[in-house]
Each structure stands twice: as structure tokens, then as C-alpha cells.
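Order of appearance sets the numbers: ligands from 1, and atoms from 1 within every ligand. What you see below is based on every heavy atom in this structure, not just the backbone, and it leaves out hydrogens, waters and symmetry mates.
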Amino acid sequence: MSLDEQNIMYLPGVGPRRAEILKKEIDVTTYDDLLHYFPYRYVDRSRIYTVSELERIVSGHSDRVPFVQLRGRITGYQASEEGRAKRLVARFADSTGAVDLVWFHGQKFILDKYPPGREYLIFGQPKEYMHEFSFIHPEIDPADRAARVSGGLVPMYHTTELMKRATLHSRAIRDLIYTLLNTVSGGLPETLPAWILEERALAPLTESMRQIHFPESAEKLRAAQHRLKFEELFYIQLNILRTATLRRNKLRGIPCPRVGKAFNAFYANRLPFALTGAQKRVVHEIHDDMRSGRQMNRLLQGDVGSGKTLVALMAMLLAVDNGCQACLMAPTEILAGQHFATLQELLGDIGVRVELLTGSTTKRRRSALLPAVASGEVDILIGTHALIEDAVVFHRLGLSVIDEQHRFGVEQRSKLWVKSTYVPHVLIMTATPIPRTLAMTVYGDLDVSVIDELPPGRKPVKTVHRYDAKKAELYTFLRTEIGRGRQVYVVYPLIEENETMDYKALEQGYETFCEVFPECTVCMVHGKMKAKEKEAEMQKFIRGEAQILVATTVIEVGVNVPNASVMVIESAERFGLSQLHQLRGRVGRGAEQSYCILVTGYKLSEVTRKRLGIIVSTSDGFRIAEEDLKLRGAGDMEGTQQSGDGLSLRIADLAQDGGILRTARDVASRILDADPNLSSPENALLNARLNALFRRRMNWGLIS
Ligand code: ADP
Ligand code: MG
């Protein structure tokens, strides 16, 4: 039986109850899962400290107290009970002083196993209270029997409260893995072909697993980490690239080679300005895809204001020139409406028919519109989710453009596909820049185009960080700007867990602005309002009848009010970096100097200060995304959640391991070039491993 078929329950020391907890808490159900439960860090236990040194160690680390090891004797135990909380305290002394060891559970076990008088090594994080030190749930070993853990680097494993209650703390996990590694004495079956190990100079699996859990030296640990990171990224890439290759071979796109009347008329007569170099390049990339005979599946990334709409329109005109229809799907009615207005104006009278379909399109209008879509009279249909309803049937849909893709789930996007018997080209536009490494992993099967240049003449938005306490100055500044005829956004955070309080803050904010600016019209938009009401308030602002818009992040995406020049973001520390960047993109769209003001209290963590500092100092969306990735880790990044089961990397780190990722991708792509189905005998191992790894996952690679 292979390791991924061996139930963890049968590992000595586990049993049914702990197996249940391992499954529930950390998703470990097999031997293989446990082996891949890697330490999150290592602690150096080659050094033994004395009690007299603790003061210095603790005071030197105000934020994160290090783990230390002491050697001494337990001089006595004391049990106490406060309500239902039982506590066992041991006095532990070496020749320089004494500390308390404290246990809240497992007390009987401790008393039985560690009688007073003998010499022990204890290991844990000292806590200080009035110059006295204590260790909560320290690791403890008889001094003469601690060989396995006393030398060098000790692995630390993440555990949860529930696990700790079943005495499955870090130490217990380590023991289980130790047992496991000993039961596979013959070594683990290798999971990478020998030629890859050789070519990339990677350590064998058995050796790597031993060293990752029980490192003999920092150097051997590094080699093990390198191999395991490579393997993890390699199989992800192999999976993504194989799916992409299969899809490409299977799906024929509608050939759109012709650059015809619509495109040329627009280009010659209607284009209001010269395209930027980046826009030109991207239009070429799209056209190359659309005429290739393969189906295009392209992600168009471009910072807010970089001119994606124009590129999308030109792609749609290419579809029209080749006898097809195109659709543009936006995440909100407001956005769909704006796109509709923009496109109508851009197209003028060149004879391309554009229509709008949203949830609030009237029945009468729909019944006139849908037949015109089905007959092909409508060339371009713009809309919201309404576009994917079954009632909407196209005559010949050649291209689907999806704006602000992270608002749509994979499933919704895939629905656009079944709108026709053949598969339309797909262009996904996003203003959330995605770091290269993440894009290759999450959207690895999409081709990516980047508009990395803003139209000329844009004034960068001035961004500053201000404290709550200085509100009066802020109001004065806003008054000046409004006096100049400008408009102001004020945005409040809103998260589900905190909804009631957040709405309160928003409404209080609204009232304050009404009071402080009696001469202004203040409007408010938030997610709990009815669509009609929201629309009406929003329109007031768009038409310039209101000077101040108080809102939650519903305005984050796409809204275009060039006269708005100030973005005030309340409780800015509670927004993600990409979100702040998006919000800032709402201003700086007109000719005026624009401002983004991040408002927070004084009390901020180090990381938060760093994050806000990044937004203040740069307007480069890609840099912001990279920094965000570094600070938050890949799991939290926008866009990763939709990748089926999230991006659960066990060891590789996309913020750091870009180099390994590229190598892994190169190797994977070379293999697939020669053998797209992995059907040749020498790729049998890869094929089997790939199937084992991904059989539990949804096949999300095929959609997006
Ligand atoms: P986004 O990429 O955020 O969707 P838009 O397509 O809304 O950006 O474009 C932002 C603004 O820039 C629009 O007002 C648009 O008319 C303008 N714009 C687009 N391309 C150019 C260009 N090449 N030169 C000047 N202005 C442009
Ligand atoms: Mg846009």
C-alpha cells in the first residue's frame, strides 16, 4: 500500500480519536499527509541557557520572545483549581534560580511521568511577570534521554487549540513523524524522475523528508526545502500546463483574421486620441490570438485608468468584422451603464449596434432586445450577470469580455461559454495587478497581456497619511477643494464579521459630513440599499449635484467621475493594499491635481505602517501587488480563492520562490512539449503522481 493510502489512524500513537482531530483540524488523513505537514519554523536547541539569563533574553525581544532551553530539577508540584480551570504548577530550578512550569491540562500524565528530583531539559517560551518567569506547557525530557531533540534545529509545527487539548501539540506531531519515518525503513518511493533530480541537483525524497523534519544541519535543511519546494511548484505547473495544452488542442476558436469595416472606421474616424504603445501592443496580442484558430483565453491586466476599455472595444470590433457578436460583462449595473454610455459615444454613427441588458431592463425592453440579440442584429451586448441568464441567446457570439474579473466566480464565467455551440474567445480585464509568480500559478493557463503604461499627461495622485485627531484640518482642505468645484469621495471599510459596527461608523460619518458641510449636498451609497436607491444616489454624484459621496467599497470598481479629485479613506489600516490602490484609482481621472488621504488612528502596528507607507510612496500597481504578496502571503491574495480549493501551498512561498517557480515551470513545459499527454513509459511516474495529487481537486483549469 502506498503512503497516501495508509490511514493515519493506524500509525502507532494515533488511534481513532486523534485521527479524527487530525483530519478536522489540519486535514491530515494519511501517512503521506502527515509527512507533508511541514514545520513552520525551527528552533536552535544546541544551546542550554540558565535561569539567570532569562531577564536579558526576554528584555531583548519585546515583540517575539524566543524559545529557550533550560536544564534543571523539579523541586515540587502544586495543583490549584479556580472554578473549572485546573492548574498544575511545578517549581523548576537550576543553580542560578528557579521558574514555574504551568500546565492547564494533561496534569495526571505530567505528575506520573516527571517525578521531582530528577534532572530535566525543559524547552519553551518564557513569560515574565514581576521579574518571575514561567513556562506554559513547556516541552520536558529527562536530561539523559533527550538525545533526539537536544542537538541542533528542532522543528515547530502549527497546532490548534483542539489539537493541544488532545495533547497533539508540536512535540507530539514531531514524535508521530519520527515514528512514521522509522516505519518506512526501506525509504520512501521517489516522486520525481531520476533525471530531474540529477539535472536540477535535487536531494532524494527520503533524505529530504528526514532533513525537513529532523535537520542535521542548516545546510541539509536548505537542500531539503529546496527540493520539496521545487516538487510542489513543479507538479502544480505540470497540472496547469497539461490542462492548458489539452484545452488548446481540443478547443477550436472562431477564426477572426479579418480587420474590416468596423475596426477601420473606428480607428480612422472615431479614435479620440493616439493609442499608447502598450495599448497597441496588446491589441496586436489579442488579434494574434483571435486569428490563430485557437480559442483565446487571455487576461488583460492594466492599472486603473490605463485604458483597458478602449482595447476591449477594439477586440470586440474585430469580432464584429468577422461576422460575430461580442459581449461585455461588468460586475455592477452602474459599471455596465457607464460602459454602455462610453462605447456608444466612442462608436458614434459607424454602424455598430450596441445594447445594454441588466437586471433592471424592463420586460418590454427585454422582449424587444432578446430577439435582436438572437438574430444577430445586435453587434455588441453590454450587461451584468443578466447576460448569462438562459433567456439570452446569441446568434454567433465570438468574444466575451469580462471586466474586473475577481468579482465573478469561475462558474459564472464558464456559463458564458455554453452560450453557443462553439467556444467564444474570452478576454478578462482586471485592474488588480497580479504578481508574476501568482499569475503563473493561479492563472497559469491564461495568456497574460499587460498595459504597463498610462496615457500621457496624467498627474499622479498625491497620497498622504493623516491621523483621526486632525480632522479639522482635513475638513478645511476638503472645503477648499469643493470651493474650486471639485467632488470628494469618503470611503468606510465594511467587513461582514463587523457589519453592524461598520454600518454605524458609515452612518455617523455621513451625519458628520452633513453637519460640517451644510452648504454641500452629501450622498451615501452602501451595499444594504436597494439597487434603485443606490443608483439614484450614485447618479447625483456622477451628475455633479452632490459634492460629497460617503460610501463603502461598492465604489471600488470602475466608477468614472473625472471631476472627483479627492479620495478620503477612513480606517485605512483595515483595507488591503490592492484595495487601497483601487480606491485611489477613482480619482486622478480629470485634468486637476488629485489627492488620496488615508485616515487612521495613532495606534498602528509596524506592518500596517509599512503597508500605508507603500501606498503613499508608489502608484505602481505591480509593485504594490508584490509588496502585498510579501506582507500577506499568497493565501490571502485577491483572486486566489477562486482557484477551486484556494492556493494551498505547503512549503513554497510565491513571494520568495519566484526563481524555483520559473525553473519548475520550464522543466514542466519541456516535458509536455515532448509528451502532452504524459503517456510515454518514461513519464509514467509523473502521470501517476499528477493524478494522485489532483484527483481530489475540481478541474478548474478548464474554465476560467
Ligand atoms: P481602465 O483601464 O481603468 O478601465 P479606462 O479604459 O476607463 O481605464 O480609461 C481611463 C481614461 O483614459 C478614459 O477616460 C479613457 O478615455 C482615457 N484613455 C484611454 N486610452 C487613452 C489614450 N491612449 N490616450 C489618452 N486617454 C486615454
Ligand atoms: Mg475599467
query: Heavy atoms of the protein only: does one fall short of 4.0 Å from atom 13 (C) of ligand 1?
result: no
message: One residue to check: T276. Relative to ligand 1, which of side chain, backbone, both or neither has a non-hydrogen atom less than 4.0 Å away?
response: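 Under 4.0 Å from ligand 1, T276 contributes backbone and side-chain atoms.
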statement: So for Q279 against ligand 1, with non-hydrogen atoms under 4.0 Å, the contacting part is side chain
query: Say you draw a straight line from CD1 of I548 to CZ of F517; how long is it, rounded to the nearest 0.5 Å?
result: 5.0 Å
message: I need the I569 CD1 to L580 CG distance, nearest 0.5 Å.
response: 5.0 Å
For ligand 1, is [X] a contact, meaning one of its heavy atoms is under 4.0 Å away?
X	answer
G302	no
D303	yes
A274	yes

field: Between S449 and E285: side-chain donor-acceptor atoms closer than 3.5 Å
entry: yes
query: Based purely on interatomic distance, does P456 place a nitrogen or oxygen under 3.5 Å from a nitrogen or oxygen of ligand 1?
result: no
query: Counting both backbone and side chain atoms, is some N or O of G307 under 3.5 Å from an N or O of ligand 1?
result: yes
In terms of side-chain geometry, is the basic nitrogen of [X] or [Y] positioned less than 4.0 Å from the acidic oxygen of its partner?
X	Y	value
E355	R365	yes
D303	R584	no
E481	R484	yes

task: Could you list the atoms of ligand 1 found under 4.0 angstrom from a heavy atom of L275?
output: 23 (N)
query: Short list, please: which atoms of ligand 1 are under 4.0 Å from a heavy atom of T309?
result: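 Near T309, the atoms of ligand 1 are 4 (O), 5 (P), 6 (O), 7 (O).
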Identity and distance of the protein heavy atom lying nearest [atom]:
atom	result
atom 21 (C) of ligand 1	F273 CE1, 3.3 Å
atom 3 (O) of ligand 1	G305 N, 2.6 Å
atom 11 (C) of ligand 1	R458 NH2, 3.3 Å

- prompt: Are the side chain of H425 and the backbone N or O of I254 linked by a donor-acceptor pair below 3.5 Å?
  reply: yes
- request: Say whether, by atom type as modelled, one donor and one acceptor occur between the side chain of Q325 and the main chain of V373 under 3.5 angstrom.
  value: yes
field: Closest to atom 1 (P) of ligand 1 (judged by heavy-atom distance), picking from K308, H339, R589, E345
entry: K308
field: Residue list, side chain to side chain contact (heavy atoms under 4.5 Å, CB included) with R609, at least two apart or on another chain
entry: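 Counting only residues at least two positions away or on another chain, R609 forms a side chain to side chain contact (heavy atoms under 4.5 Å, CB included) with Y467, L604.
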